[in-house]
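Reviewing the structure listed below.
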Amino acid sequence: MTKIVYFAWVRERIGKREEELELPADVKTVADLLQWLQGQGDGYAHALQHPKVIRVAINEEHVDHREPIAGAREIALFPPMTGG
Amino acid sequence: MTKIVYFAWVRERIGKREEELELPADVKTVADLLQWLQGQGDGYAHALQHPKVIRVAINEEHVDHREPIAGAREIALFPPMTGG
Amino acid sequence: MSLKPTVRIQPDDFDLAAEVAALTNGRPGVGAVVTFTGLCRDEGGILAALELEHYPGMAKAEIARIANEAMNRWPLTGLTAIHRYGRIKPGENIVLVVAASTHRQAAFEAASFLMDYLKSRAPFWKKEHNADGSQGDWVEAKDSDEDAARRWAK
Amino acid sequence: MSLKPTVRIQPDDFDLAAEVAALTNGRPGVGAVVTFTGLCRDEGGILAALELEHYPGMAKAEIARIANEAMNRWPLTGLTAIHRYGRIKPGENIVLVVAASTHRQAAFEAASFLMDYLKSRAPFWKKEHNADGSQGDWVEAKDSDEDAARRWAK
């Protein structure tokens, strides 16, 4: 099981803050995960329809979409940040 | 008569804060004034021995050494500034 | 003199003068302090508040990473970053950066660098609440902020 | 919202928080405030104080000229410059610049510009008083400050 957390409009569209998911064995990278999640329901499809804009952190550090997710404790998906 | 004011080590070397001077008719520019003042005593010679470093303001505005001094109400001579 | 940056993520307001004093009191080698305060704008009166969402586990660690990079790049004597979250009204503070150094250029550059990276790397998101009570939008990230961060790439 | 910069030349200390409040209170369009505070350094303990001499007739007018140029070059909502004179001890404030704007880049650049010009154009001179009681020197102008001012030439 992998903990996935969502923020901002990704969270709103998916309709939950976080969940524990059993990922299929062929979901090996961040890009794989985003593609797989899009098939999990309308909310996911809406949130992730433009996967290139989705920012990702694994274990609380920024990663790019080629990053392997094996061993990830927590994967966070969110829009481009607007802090400061 | 023209009022001349001195600051910082120019003031210390000349030994006065300000004076009213009757300038000869051939002292037409800032450069002329600096050269003429150097002949007015040891303090002046010491203060103005490197005229290029002396900064000048006429009527409280920075000017360069080619500036004519005709009509000047107040001429200030001072070292490079070290404010801020 | 501590060379560890101070980073705080908090709902409450901060005290600019107190944060500057913390980097200068008893440190007579400090010659220059630059502060940046980011405030919530009312956008011409249409905005009632911003709701700042953040990623608690990551926000402090990520800002500390950026702050440590600034400490490594510039000869600073102190560096503080405070970012608020929660509901913030127009005129209220959102973010504070304080950079102290012996000389001014380092303080200016480090504060500017830290702000540029906070904008595009710190996990915060702003949602608008409109003054007319209508549902507001999530603030969109600006390309200019990405570009601003990129100019510091070595 | 006044677009006239505030310039003060005074022997007394200034209040950073009050000066920032003066440029932000009741002005909900302000999104960014950058401050620069210049302090007297102890130079490793050898300095007892700096004596700041200035040209009273010219100092305020010259700083106002520089501040007005900054207001013309950047989209600022407010700009304040305060320069002290007289005897100032290590750890005490010498100069304050506050620049407020809708966006951060203008505030950073205007504050940095104003400081660079203050250093090389404002008629102030610093004399050192040594901690051991000996006669100190006049602080020498630095080429790096001239260069810093020159980088803003258009």
Side-chain angles (χ1 to χ4, degrees), chain A residues 1-21 29-30 33-34 37-38 42-84, chain C residues 7 9 36-41 50-66 81-86 88 93-97 111-128 135-149:
Chain A
M1 299 287 275
T2 306
K3 183 179 179 185
I4 321 277
V5 299
Y6 309 109
F7 293 100
W9 53 252
V10 174
R11 170 182 58 71
E12 285 184 340
R13 290 175 187 178
I14 289 176
K16 50 186 97 165
R17 293 190 174 276
E18 59 178 73
E19 58 190 327
E20 298 270 348
L21 292 176
T29 66
V30 166
L33 173 66
L34 292 173
L37 278 172
Q38 282 181 71
D42 288 351
Y44 294 92
H46 182 210
L48 308 175
Q49 61 185 326
H50 302 295
K52 283 210 170 87
V53 310
I54 303 296
R55 306 302 168 94
V56 183
I58 294 183
N59 300 345
E60 303 174 352
E61 292 204 36
H62 293 293
V63 296
D64 75 24
H65 288 195
R66 291 163 300 185
E67 188 76 9
I69 61 172
R73 176 175 38 80
E74 178 170 302
I75 303 176
L77 307 184
F78 43 78
M81 289 142 283
T82 55
Chain C
V7 175
I9 314 295
F36 177 88
T37 307
L39 301 101
C40 177
R41 297 190 304 267
L50 285 176
E51 183 79 30
L52 269 95
E53 179 170 338
H54 76 304
Y55 183 1
M58 182 177 175
K60 186 169 179 177
E62 185 63 25
I63 294 178
R65 265 192 287 273
I66 302 165
I82 302 175
H83 205 306
R84 295 179 65 194
Y85 61 87
I88 295 178
N93 293 321
I94 296 174
V95 63
L96 175 68
V97 164
S112 181
F113 165 89
L114 192 50
M115 278 309 305
D116 285 343
Y117 271 82
L118 278 176
K119 286 266 170 190
S120 60
R121 302 270 305 176
F124 288 81
W125 302 271
K126 294 183 181 125
K127 186 169 193 171
E128 298 174 342
Q135 174 80 350
D137 294 320
W138 289 94
V139 173
E140 279 194 58
K142 282 183 286 190
D143 289 344
S144 60
D145 285 331
E146 275 289 338
D147 295 344

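Just so you know, these numbers use all the heavy atoms, side chains as well, and skip hydrogens, waters and symmetry mates. Just so we're on the same page: letters track the sequence lines, and every chain starts at 1.
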Is it the case that atom CZ in A:R73 sees more than 12 heavy atoms from other parts of the structure closer than 6.0 Å?
yes
Identify which of C:D116, C:L118, C:V139 forms the greatest number of heavy-atom pairs closer than 4.5 Å to chain A.
C:V139
Near A:E20 CD, under 6.0 Å, is it more than 12 heavy atoms from other residues, nucleotides or ligands?
yes
How many angstroms lie between atom OG1 of A:T82 and atom CD of C:E53, to the nearest 0.5 angstrom?
9.5 Å
Any sub-3.5 Å donor-acceptor pair from C:K126's side-chain atoms to A:G84's backbone N or O?
yes
Given a strict heavy-atom distance threshold of 4.5 Å, which part of C:R65 is in contact with chain A: side chain, backbone, both, or neither?
side chain
Roughly how far, to the nearest 0.5 Å, is the CH2 atom of C:W125 from the CD atom of A:E12?
12.5 Å
Please flag which part of A:V5 lies under 4.5 Å from any non-hydrogen atom of chain C: side chain, backbone, both or neither.
side chain
May I ask you to name which of C:H54, C:E146, C:K119 has the most heavy-atom pairs under 4.5 Å with chain A?
C:K119
For the residue pair C:Y55 and A:F7, does the interplanar ring angle fall in the parallel (under 30°), tilted (30 to 60°) or perpendicular (over 60°) class?
tilted
Quick check on C:I94 against chain A: is it the side chain, the backbone, both or neither that has a heavy atom closer than 4.5 Å?
side chain
More than 12 heavy atoms of other residues, nucleotides or ligands under 6.0 Å from CG of A:D42: is that the case?
no
CD-CD distance between C:E62 and A:E60, expressed to the nearest 0.5 angstrom
10.5 Å
Interchain contact, C:E51 with chain A, by part (heavy-atom threshold 4.5 Å):
neither
With a 4.5 angstrom heavy-atom cut-off, is it the side chain or the backbone of C:A122 that approaches chain A, or both, or neither?
backbone
Which atom pair, heavy atoms only, marks the closest approach of A:H62 to C:R121?
NE2-O, 2.7 Å
Selection from A:P79, A:A57, A:P80, A:A8 maximising heavy-atom pairs under 4.5 Å formed with chain C:
A:A8
